[in-house]
Amino acid sequence: MRLVRWLAPFALSLMMMVAAAPARAVDAVSVRGDAPAIDLTGVLDFQHSETDRIQVSTAPGTDGIVRRVEVRGREGGQNWVVFALANNTDDQLDRLIVAPHYRMVNSGLLWPDLGLSRIATITPSTGDRPERQDSATADVFRVTLDPGAVITFVAELRTDKLPQLYLWDPESYKDKVNSFTLYQGIVIGISGLLALVLTILFVVKGSIMFPAAAALAWAVLVYIGVDFGFWGKVLDMSQGAERVWRASGEAILAATLLVFLFAYLNLNRWHVRYSHITLAWLVFLGSLVGLALFDPAVASGIARISLVLIAFVGFGLILYLSTHGFDRAVLLIPTWFLLVVWVVASGMAVGGAVTNDIVGPALLGGLVLIVMLIGFTVMQHAFAGGGASNGIVSDVERRALALTGSGDLIWDWDVSADKVFTSAETEALLGLKRGTLEGPASDWLEILHPLDQDRFRAALDSVLDQRRGRLVQDFRLRTPDGHFMWFALKARPVVGSDGEVTRVVGTLTDVTESKNAEERMLHDSVHDNLTGLPNRKLFIDRLNALANFAKTMPNLKPTIMVIDLDRFKQVNDSVGIAVGDSILLTLARRLTRILKPQDTLARIAGDQFGLILMSEQDSAKITAFAETIRKTIRAPIAFNDREIFLTASIGLALSDPTTPVTDELIKDAELAMYHSKRIGGDRIDVYKPAMRARKTDRLTLESELRRAIERQEITILYQPIVRLEDRSIAGFEALARWDHPKLGRMSPVEFIAIAEEIGLIIDLGMFVLDQTARQLAIWQRAMRARDPIFASVNVSSRQLLRHDLLHDIRTVLSRSSVARGTLKLELTESLVMENPEHAAQMLQRIRELGTGLSLDDFGTGHSSLSYLQRFPFDTLKIDQSFVRTTSRGTRPVILKSIIAMAHDLGMDVVAEGVETDSDAVELYQLGCEYAQGFAFGEPMDADAAMRLLTEERLETAS
């Protein structure tokens, strides 16, 4: 008995668990990467709990184990839905779980489901909780399925119904929403225009049919506006209010349809009983609007039944009246038959016989079409016999009216008298005195553009000779101030009884604006919009023209230069794109001033210029001219009380009589420029054939960079960061290098921009972050110091904007056991200020994962100090431009203020670009804690960094 009493509580707990648990585990739905959408409605497991908690069995995982999870409702709900998803692919999949608030399909005829928010929250068996997305018409949750994962989801329902649940690919769902939005906009636009036209016709015509038709059109507009979510943008469309509006809209639709039928058939003429029935029905439908405020479902069900009765009873009445000689009823038969078909189709949809997603929007579009046909029927009846009589306006008068309405000018040449007549407006447009253009046709040659005179004369002679055809000609006429206006002449010859041309009559049209637009388009197509210089297309065209001249002029030796600004992307990030454009415009003007007329300067890429040099033929003078260009670019550019210094890498390709002039010269010059940039920039290199052995164009670099990580060509170097207090090593900054098999070691300047453009920066950044974390863990285990070593890794804008960055960081931290806050992410000031609101949220979540945050290049961008307080940075890195001494031998006065501000915000300070011991001493005196630069060591590999740490530990121990 003691044993029984001792086991009783446990048995009771076990029975409660068994009662709360489902009988079996759910089956997981396999999610394919190529499937745009999966209907989960048929696999849902609906459950009900007595409390706000529920225990469920998960779907078997990859190991075949079924687990149990307990979920607690956030809103105290007791209705649940359980389903499971399995990602059997090798890729991480992002999907949207979508549960629409309202569906006409299967909503029901009596007590219909008028829509509500269906899902309060979704809890997964593993991983992060799905994020709710903003949507006014559906509950949308974003989920991420890792490769091979099997996740069971428990959804807390706000109602006991869930009419539909889909799993969408985000892009496919976006396309679906956009397509429906376009369709809905078209339908609402047509409905609104139809309602407006019928309202205007009512004001103009005054017939009782028009206000009835207009009221029906406005009711349809209101109804489809509620269903499409249009009114939610201007009115209160919360969940409860939307149900009231939908029920009221259906009642109003039924009422206005009844009013139209009564008004169009003029039923009060036939029998007073019809008026009483119609009035009672209207009062009843009007009361439904009040009922909708208290019970929308009941009001909607009654309105739907009324709509069915109006359609069928009305159709029977129309057939009856049409057989008794009532012409109005005959006109309404086709339209009302379509209404009956529409009601039948709607009944099948709300009853669940038709379940396609496009049925609802299609039925609403069909309703607008029916109202449009009703409008045509009303207008056909109202305006019957009211059209204008034919033959009142003669053909000559009609042509005269058309000419006046077109705004064209008359041009008439009396051939026998050799006198031209044109409208007075022609001379007014040109600023000439009246009668100047009236006279012999030869007088027109004096004001025609010289290039148009021969064509004009030949065209007139051709018409006279052929005695038929049509004269179509564009020409320019001169104004008194010397500029020209374009006109288009369209004329036909008039042949007399003798077979000769007696007149040439037509119109003149001012086409100056269109011609100017064509010229601007032609100019813009071959010129750079910012600098006005020729673009790459025109640059190559002029080089090809030189190639044709070179065939007949052997001494013609053009020199091609490609000028590429060094680190201009950092300048753009520092001062902004607008100022960067101004800098490019300034450089273009500087370079143009040192050129001669026979030279061609073009902007062939963003920060890249091309030059065809014809004014110099001697090699020494060409090199000297290139040096002049280099010095011109190096001249400082003043901007907001600061000077910006730029350098450029210049590549030259010299032609000779044995080398044909082709666009290959441009590639040679680019190759020389890349060679100059690869070895540091700010230099001039002349193309040599040996460079072709190292040829690496952009496409080749892109393809090789994609395989660089797989081939272990990406090397990570670590630059020491020291404590200024005791000169001990506090940490390292991770710097990526590409050991190219042909080009040797390449700096980030040469490949990071390419990686960002082709989308490889995410994989590259993840690789650097993971390798740095692993190495940091090795250092920390080896040193066992009180203050563990830290490491900083740079983060790009593409990485920060990705929602998967948090998952990547969590994965890296789980692989490498590093001390909290020692793996630091470095973000530039300009990067976080691109989208400060998003950055603040992301950085806070990154910080919560246990990662340090460092603000790099502080002071070089346009930041906001108010935003800076919101960012959870623990370290501030001062750009080297503030660390270096000025031309007067002093440090910028703002340096001390930056350090003090960082300390007030609770941040450590790292100074970059420290090159001498005196720099370190002065920075320590200003309060700076850390520094990095060539004074403490250049970037080194992991083994060298480990030796440096070991030597420092031995020295400290001794």
Side-chain angles (χ1 to χ4, degrees), residues 567 569-577 716 718-719 721 731-736 748-749 752-753 755-756 761-770 772-773 776 790-810 812-813 818 820-882 898 901-902 905-913 930 932:
R567 295 176 292 279
K569 184 179 184 299
Q570 287 84 338
V571 175
N572 259 342
D573 293 340
S574 174
V575 300
I577 296 178
I716 303 176
Y718 303 92
Q719 186 173 25
I721 301 175
F732 296 90
E733 179 180 358
L735 304 170
V749 176
I752 289 296
E756 289 182 343
I761 190 65
I762 296 172
D763 295 336
L764 183 61
M766 183 62 182
F767 172 78
V768 175
L769 185 64
D770 185 57
T772 303
L776 179 60
F790 65 82
S792 300
V793 181
N794 291 285
V795 175
S796 71
S797 59
R798 285 208 176 192
Q799 289 177 277
L800 184 62
L801 293 175
R802 291 177 67 244
H803 292 288
D804 292 340
L805 178 60
L806 296 173
H807 179 268
D808 293 343
I809 295 174
R810 189 182 295 110
V812 168
L813 293 177
V818 298
R820 185 177 181 84
T822 56
L823 180 62
K824 296 179 179 290
L825 302 185
E826 284 194 10
L827 300 95
T828 62
E829 184 180 16
S830 57
L831 171 60
V832 296
M833 291 309 298
E834 288 180 1
N835 191 341
E837 295 292 343
H838 174 77
Q841 296 178 9
M842 286 291 294
L843 294 180
Q844 186 62 43
R845 297 178 67 180
I846 291 173
R847 182 70 180 271
E848 292 171 356
L849 294 176
T851 306
L853 294 172
S854 179
L855 181 60
D856 197 9
D857 295 341
F858 179 77
T860 60
H862 299 279
S863 65
S864 170
L865 295 181
S866 62
Y867 271 109
L868 183 60
Q869 299 180 63
R870 296 177 53 190
F871 297 140
F873 289 104
D874 52 56
T875 305
L876 187 146
K877 299 190 75 171
I878 303 177
D879 187 70
Q880 58 186 357
S881 60
F882 294 99
I898 294 176
M901 180 194 67
L905 294 175
M907 298 190 226
D908 296 330
V909 180
V910 179
E912 295 183 297
Y930 304 98
Q932 71 180 93

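All values below come from the heavy atoms of this structure, side chains included, with hydrogens, waters and symmetry mates left out. Residue numbers start at 1 and run along the sequence shown.
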**OP:** Please list, chain by chain and in numerical order, all residues satisfying side-chain hydrogen bond (donor to acceptor under 3.5 Å, both in side chains) with T851, sequence neighbours excluded.
**Re:** none
**OP:** Kindly give the heavy-atom pair with the smallest separation between T772 and A791, and that separation in Å.
**Re:** CG2-CB, 3.7 Å
Original post:
Which distance, rounded to the nearest 0.5 Å, do you find between the OH of Y930 and the CD1 of I721?
Top reply: 9.5 Å
Original post:
So with a 6.0 Å cut-off around CZ of R567, is the heavy-atom count from everything else above 12?
Top reply: no
Original post:
Looking at F873 and M907, what are the two nearest heavy atoms and their distance?
Top reply: O-CG, 3.5 Å
**OP:** Can you sort out the partners of N794 under side-chain hydrogen bond (donor to acceptor under 3.5 Å, both in side chains), two or more places apart, ordered by chain and number?
**Re:** E733
**OP:** Mind listing the closest non-hydrogen atom pair of E826 and S792 along with its distance?
**Re:** OE2-CB, 3.1 Å
Original post:
Could you state the interatomic distance from CG (D770) to CG (L813), rounded to the nearest 0.5 Å?
Top reply: 10.0 Å
Subject >> Qualifying residues under side chain to side chain contact (heavy atoms under 4.5 Å, CB included), relative to V909, sequence neighbours excluded >> reply: I878, I899, A902, H903, C928, E929
**OP:** Output all residues satisfying side chain to side chain contact (heavy atoms under 4.5 Å, CB included) with Q844, sequence neighbours left out; order by chain, then residue number.
**Re:** E848, P872
Original post:
Hey, what do you get for CG (L825) to CZ (R847), rounding to the nearest 0.5 Å?
Top reply: 11.0 Å
Subject >> Interatomic distance, L805 atom CG to H807 atom NE2 [nearest 0.5 angstrom] >> reply: 11.5 Å
**OP:** Drop me the distance from L823's CG to I809's CD1, to the nearest 0.5 angstrom.
**Re:** 8.0 Å
Subject >> Test side-chain hydrogen bond (donor to acceptor under 3.5 Å, both in side chains) applied to D808 - qualifying residues, sequence neighbours left out >> reply: R802
Original post:
Are the side chain of D874 and the backbone N or O of L853 linked by a donor-acceptor pair below 3.5 Å?
Top reply: yes
**OP:** Please name all residues satisfying salt bridge (charged side-chain N to carboxylate O under 4.0 Å, His left out) with R810, sequence neighbours left out, ordered by chain then number.
**Re:** D128
**OP:** Please round to the nearest 0.5 Å and tell me the distance separating atom CG of L827 and atom NZ of K877.
**Re:** 11.5 Å
